[in-house]
Amino acid sequence: MRRPVEGEVHVHYGQIYVESDPDGYGPDLAEAFAGQSAGLCGAATAGALWLSTGLHTGEVGFTVEVHDHAPPLDESWEDVVEVSFRPVSADSVLMEWAGEDSWDLGLDETDYRVRYCATGMDRARAADTRGDDVPQLDCYLLQFWPAAPEPARVVKETSRTAAHWHGYARDLPPPPTPAERAEAERRARIAQETAERERRLDRERRLWGGRLPSDALRAVGGNVSGLRDFDPGLLHALDAAGPATQRAVALLAARRACEAAGLTALDWVTEALAELDEGRPLPPPFDDDTRMWHALASDPACPDRTVGRAIPPERPSSQDSSSAPGTVAPSPQEAATLVVGPARAVARLSSPPPAPASEGAGQSSLPPAPASEGAGQSSLPPAPAPEGAGQSSPPPAPDPAAAVLSSPPGPGSRPVRPARRLRPAGSVPAHLATARGPPRRDRRRRTRPAPGGRGRGVRGRRHPR
C-alpha cells in the first residue's frame, strides 16, 4: 500500500477532483453523478471523479491510498460510498478547484474500485468556511484497488449532508447512451460547420457589396478583386450582361488603358486594337506573352512614365436590399447616384439626361471626344462647344479609365499615396488578354494550418449549495 497524498488539501465550493485526461476539462456536477444511486463520489464520466466535501472553503484532512487488494472497512468513518474508475491515461492526479494545486496519484490504466470515506461533513457544512485558527472540521479517505467494474453503492450513510447528495444523484436522469452521445456530437458539429459557413458567406457578401457572387464570377481570374474594391455593383452587372457585352466592355477597357498609358501612339499597338475590334486574333507580338513584354521593353517610343496608384473610395457596409419586401426599384437617375468609384461616370452617361432649363440650351449627354494629339495624357479633353449655343456645355464627365489611373482624391475618399507608383503600360497586356478570350481560372496554392495541441485548461465549477 502507498499513500501519494496525506495531510490537508484546500477545497472550494465543496469540491475536489481526480482527473486523468490531460486535454480534458472534466465533467460538470450533473454529468459526474448521472445514473448513480450514490452521491459524494461522481464517476459517471470516464477518467474523472467528482469528490464532494462538507466544507465549502478551506483546508480539509485528505488521504489517498493505493492498494493491491480490497482493504478492510474502518467502521469509524461516518459516510462511505464505492464506485468504479478507470483512468484514460497514465497521468492521474488529485486536483484542487480551478487547478490551483494537484498531486500525482501514479495509477495504471486499469479498472479500479474506489472507496470514498468521510467524517464530520455536517459539522463542516454548518461552519461553511474554515479559517487558519479553526481546528480541522472534516476529513476524507480515498482508496483505490484493482477490481472489475461494479455499480456505485452507498456502504454507510450517517450525515444529513451525505443523504442530500445521495438524493441528488438518484433524482438525476440516466446518462446518454453511446449512440445518443454520438448523435449529440454529430449535431453539434453540423451546427458549428453551418455557423462557420454562414460567417464565411457573410464576409463574402460584405466584400461583394451585399450580394454573393455567382460561381462564374468567383472563377474569374485576373484583377477582379481590384475592380471589386472600386465598384462591386459593376461586376455584378457585367456578370449578368452575357458574353457579348462582357467582350465589348473588355475591348473598351483595353482601348482606354492603352490611351491612358500613351500606347496608342505605337502603330503595332493600334493595329492590335483594330484586330480586336474586328473580332480577329491578336497579331504578333501579342500572340506570345514573352514576345509582347520584350516588345514593350525594347521599343524606344514606348512611354515611360508613372501615375499614382488608384485608391478605392470609402464605401459604407452594403446590404443587398433588392429582395426585401416592399422595395421599390430606383429610377435610372437615382441608381446612377448610388454607384461609387470610376463606374459612376459611366452610370451618369447611361442614364437619361435631365430636361433642359430653357429652350436653346446646347447641352449634350454624350461623352467628350478624345483629342487627336497628346494621346499620352492621362485624361481626355472635352469636345469644343458648338457655335451659336445658347448656353455653355456642362463640364464633361470624367473618363473612367483615366479616373482609375490618375483621379485626385475627392471629399470623403482616402488620399492617393504618392510613394506607391505604377507604370500604366504594365497593365495593358492583362487588358488585352481579357479582351481576346475567356478569363483563366485563378489557381492558388492551398495551405494547411500548422498542427497545434491543447493544454490543460483552468477550470472553475460551481453548484448550488
Side-chain angles (χ1 to χ4, degrees), residues 3-5 9-21 24 26-56 60-67 70-71 73-88 92-97 102-103 105 107 110-122 124-125 138-172 174-175 459 461 463 465:
R3 289 194 176 100
V5 179
V9 299
H10 187 82
V11 298
H12 198 36
Y13 293 100
Q15 305 164 23
I16 194 167
Y17 323 95
V18 172
E19 294 192 0
S20 62
D21 184 359
D28 61 23
L29 180 64
E31 291 174 337
F33 289 93
Q36 289 189 185
S37 60
L40 298 186
C41 183
T45 300
L49 297 176
W50 179 301
L51 306 171
S52 299
T53 63
L55 190 70
H56 181 275
V60 302
F62 208 98
T63 301
V64 179
E65 296 179 349
V66 181
H67 299 260
L73 177 63
D74 186 347
E75 295 294 340
S76 63
W77 293 100
E78 296 177 353
D79 297 285
V80 181
V81 297
E82 288 185 0
V83 298
S84 291
F85 172 72
R86 183 183 181 92
V88 297
S92 296
V93 296
L94 178 71
M95 181 176 292
E96 291 182 351
W97 185 87
S102 63
W103 296 265
L105 300 181
L107 299 177
T110 187
D111 291 317
Y112 289 93
R113 192 63 175 172
V114 180
R115 181 183 294 158
Y116 186 46
C117 309
T119 292
M121 294 192 77
D122 286 344
R125 182 179 178 85
D138 51 344
C139 58
Y140 302 87
L141 172 64
L142 186 65
Q143 298 174 311
F144 296 85
W145 66 91
E150 297 181 30
R153 69 187 186 100
V154 177
V155 178
K156 186 177 181 180
E157 178 183 326
T158 303
S159 66
R160 294 189 303 274
T161 302
H164 165 77
W165 288 118
H166 296 329
Y168 170 82
R170 291 164 187 155
D171 291 339
L172 289 174
R459 304 163 302 110
R461 303 188 182 92
H463 66 83
R465 293 192 57 83

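- Among residues two or more places apart in sequence or in another chain, the side chain to side chain contact (heavy atoms under 4.5 Å, CB included) test is passed with Ala32 by Pro27, Trp50.
- For Pro4, the side chain to side chain contact (heavy atoms under 4.5 Å, CB included) partners two or more places apart in sequence, or in a different chain, are Arg2, Val64, Val66, Leu105.
- Not counting sequence neighbours, the partners of Thr161 by the side chain to side chain donor-acceptor pair (under 3.5 Å) test are Asp122.
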Take Val18 and Val114, measure what side-chain contact (heavy atoms from CB on, under 4.5 Å) needs, and give me the verdict at the end. CA-CA 11 Å; Val18 172; Val114 180; over 6 Å; no

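- Among residues two or more places apart in sequence or in another chain, the ring-ring contact (aromatic ring centres under 6.0 Å, His included) test is passed with Tyr116 by Tyr140.
- A search for side chain to side chain donor-acceptor pair (under 3.5 Å) contacts involving Ser84 returns Arg113, not counting sequence neighbours.
- Partners of Ser76 by side chain to side chain donor-acceptor pair (under 3.5 Å), not counting sequence neighbours, listed by chain and number: Asp74.
- The side chain to side chain donor-acceptor pair (under 3.5 Å) search around Thr119 returns none, not counting sequence neighbours.
- The salt bridge (Lys or Arg N to Asp or Glu O under 4.0 Å) contacts involving residues 36-50 comprise nothing, where partners must be two or more places apart or lie in separate chains.
- Ala43 meets the side chain to side chain contact (heavy atoms under 4.5 Å, CB included) test with Gln36, Leu49, Val83; sequence neighbours excluded.
- Within the 4.5 Å cutoff, side-chain heavy atoms of His166 are placed close to those of Val81.
- Looking only at side-chain heavy atoms (C-beta outward), Arg115 and Leu73 come within less than 4.5 Å of each other.
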In sequence, state the C-alpha distance, the side-chain angles, and the governing distance for Val9 and Trp103, and then conclude on side-chain contact (heavy atoms from CB on, under 4.5 Å). CA-CA 10 Å; Val9 299; Trp103 296 265; 3.6 Å; yes

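- With sequence neighbours excluded, the residues forming a salt bridge (Lys or Arg N to Asp or Glu O under 4.0 Å) with Asp111 are Arg86, listed by chain and number.
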Ring pair (Phe, Tyr, Trp, His ring centres under 6.0 Å) assessment of His56 paired with Tyr13: CA-CA 5 Å; His56 181 275; Tyr13 293 100; 5.1 Å; yes

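- Every residue meeting the side chain to side chain contact (heavy atoms under 4.5 Å, CB included) condition with Ser37, not counting sequence neighbours, appears here in chain and number order: Arg170.
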Tell me which donor-acceptor pairs under 3.5 Å the side chains of residues 145-158 have, and how far apart each pair is, sequence neighbours excluded?
residue: Lys156; atom: NZ; partner: Glu75; partner atom: O; Å: 2.7
residue: Lys156; atom: NZ; partner: Trp77; partner atom: O; Å: 2.8
residue: Thr158; atom: OG1; partner: Glu78; partner atom: O; Å: 2.5

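- Annotation: side chain of Ser92 is not in contact with side chain of Phe144 (no heavy-atom distance under 4.5 Å).
- Of the possible donor and acceptor atoms, none in the side chain of Asp21 sits under 3.5 Å from a partner among the backbone N and O of Val88.
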